[in-house]
Amino acid sequence: MIAVELRKLALRPRVWVSVLLLCLLPAIVGIFLATADFAPPPGQGGAFLSAVVNDGALFPAAALALVLPLFLPIAVAVVAGDSIAGEASSGTLRYLLVRPVGRTRLLGAKMVALAVYVTAAIVIVVLTSLVLGVILFGTGGTPGVAGPGGQPTGVTSLSGQSLSSSGLGLRLLGAVSYIVASMLGFAAITVFLSTLSDSALGAALGGLAVLITSSVLETLDAAASVKPYLPTHYWLSWIDFFRDPVLWRNIDHGLLLQAGYIVVFFGAAWANFATKDVTS
């Protein structure tokens, strides 16, 4: 069943279009940075943009910072909203359930396919931005080789410490894993909405409404009591992987929060889908 869902995703042009658009935004920003005479001052613009001009190896981190707040959640909402509601609107859901598949197995396969999509999309963004970053900006030097003044020429963390290539790779892996977990928490919400509707667009818009509401509440001091429980609250904590030492507090809280969203909303989706009358 999982193989069937993965094949269906791979054969949908809009899935590949969404991945292409995710890669396109960092590419456009990188080209403008490479052709401009100056980089954004430190602390201004997207995270890592002021550093990538000196070291293209950091461009994948900058690309993640560019796509995460809006473009990646939109792509996830579209795919997750289509998971159940899309089958219902196209009239294929009833025929799927006529076969000895089982609703729990079908819903689980949908979630696994979503996880694979999110992981693949982020990995493709990282790899394409790494290649583009090295081509446009080169690398900052060879780790372990001293430059002028005896300073190491490797990649520099946000805390000003030199990172080896393997250290940077491990931090990127941690960041990618954290973002995947964050997006799966958001995807679980949208999948639940998809079980409530026969419209994939309606489910996707519902997921985006949750995203916008959470983002707006993050800016309000009056919502301070609920901020730690908002789905977007810890999304940017992946940046803490690039500090030295890694700041684990917000990362741990973010993972725990997303695990809660996955359990609660996947459970709600299962409870609703398992008892839902499917007539379309």
Side-chain angles (χ1 to χ4, degrees), residues 18 21-22 24-26 28-29 32-33 39-52 58 60-81 118 121-122 125 129 158-159 174-194 196 201-243 246-265 268:
S18 68
L21 292 176
L22 288 175
L24 188 60
L25 173 63
I28 293 174
V29 173
F32 273 103
L33 280 178
Q44 298 184 24
F48 299 98
L49 283 183
S50 61
V52 297
L58 280 174
L64 292 176
L66 289 169
V67 302
L68 177 58
L70 183 61
F71 290 93
L72 182 58
I74 289 176
V76 172
V78 170
V79 176
V118 172
I122 296 173
V125 169
S129 59
L158 293 178
S159 304
V176 167
S177 302
Y178 184 85
I179 294 173
V180 169
S182 298
M183 290 300 100
L184 288 180
F186 176 62
I189 297 173
T190 311
V191 168
F192 168 64
L193 296 175
S194 184
L196 300 177
L201 178 60
L205 290 176
L208 293 179
V210 172
L211 171 67
I212 294 171
T213 301
S214 179
S215 300
V216 170
L217 289 178
E218 286 282 1
T219 66
L220 299 178
D221 292 336
S225 60
V226 301
K227 284 183 182 181
Y229 308 103
L230 296 175
T232 61
H233 185 66
Y234 292 104
W235 276 7
L236 295 181
S237 295
W238 65 269
I239 293 176
D240 290 339
F241 279 105
F242 295 90
R243 306 187 193 278
V246 175
L247 301 181
W248 291 103
R249 183 175 182 274
N250 285 341
I251 293 174
D252 292 341
H253 288 177
L255 290 174
L256 184 61
L257 179 66
Q258 298 307 324
Y261 273 107
I262 292 172
V263 171
V264 170
F265 282 95

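Numbers here are sequence positions counted from 1. A quick note: this is a predicted structure, and the numbers were derived from the prediction, not measured.
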On a heavy-atom basis, which atom in [X] and which in [Y] lie closest, and how many Å separate them?
X: Leu66; Y: Leu25; result: O-CD2, 3.8 Å
X: Phe242; Y: Ala61; result: CZ-CB, 4.0 Å
X: Leu22; Y: Ala121; result: CD1-CB, 4.1 Å
X: Ala80; Y: Thr190; result: CB-CB, 3.7 Å
X: Gly81; Y: Ser194; result: O-OG, 2.9 Å
X: Pro69; Y: Ala65; result: CD-O, 3.2 Å

[Y] and [X], any side-chain heavy atoms less than 4.5 Å apart:
X: Tyr234; Y: Pro228; value: yes
X: Phe186; Y: Leu211; value: yes
X: Arg243; Y: Asp240; value: yes
X: Pro73; Y: Trp235; value: yes
X: Ile189; Y: Phe192; value: no
X: Pro231; Y: Val210; value: yes
X: Leu68; Y: Leu72; value: yes

Sequence neighbours excluded, every pair satisfying side-chain hydrogen bond (donor to acceptor under 3.5 Å, both in side chains) that has a member inside residues 209-220:
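Sorted result for residues 209-220: Ser214-Thr232, Glu218-His233.
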
Set of residues satisfying ring-ring contact (aromatic ring centres under 6.0 Å, His included) with respect to Tyr178, sequence neighbours excluded:
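Scan of Tyr178 (ring-ring contact (aromatic ring centres under 6.0 Å, His included), adjacent residues dropped) gives none.
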
Kindly assign one of parallel, tilted or perpendicular to the pair Tyr261 and Phe265, based on the angle between their ring planes and the thresholds 30° and 60°.
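Correct class here is parallel.
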
Apply the side-chain contact (heavy atoms from CB on, under 4.5 Å) test between Val118 and each candidate in Ile179, Val79, Val180, Val176; give the one that qualifies.
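Passing option: Val180.
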
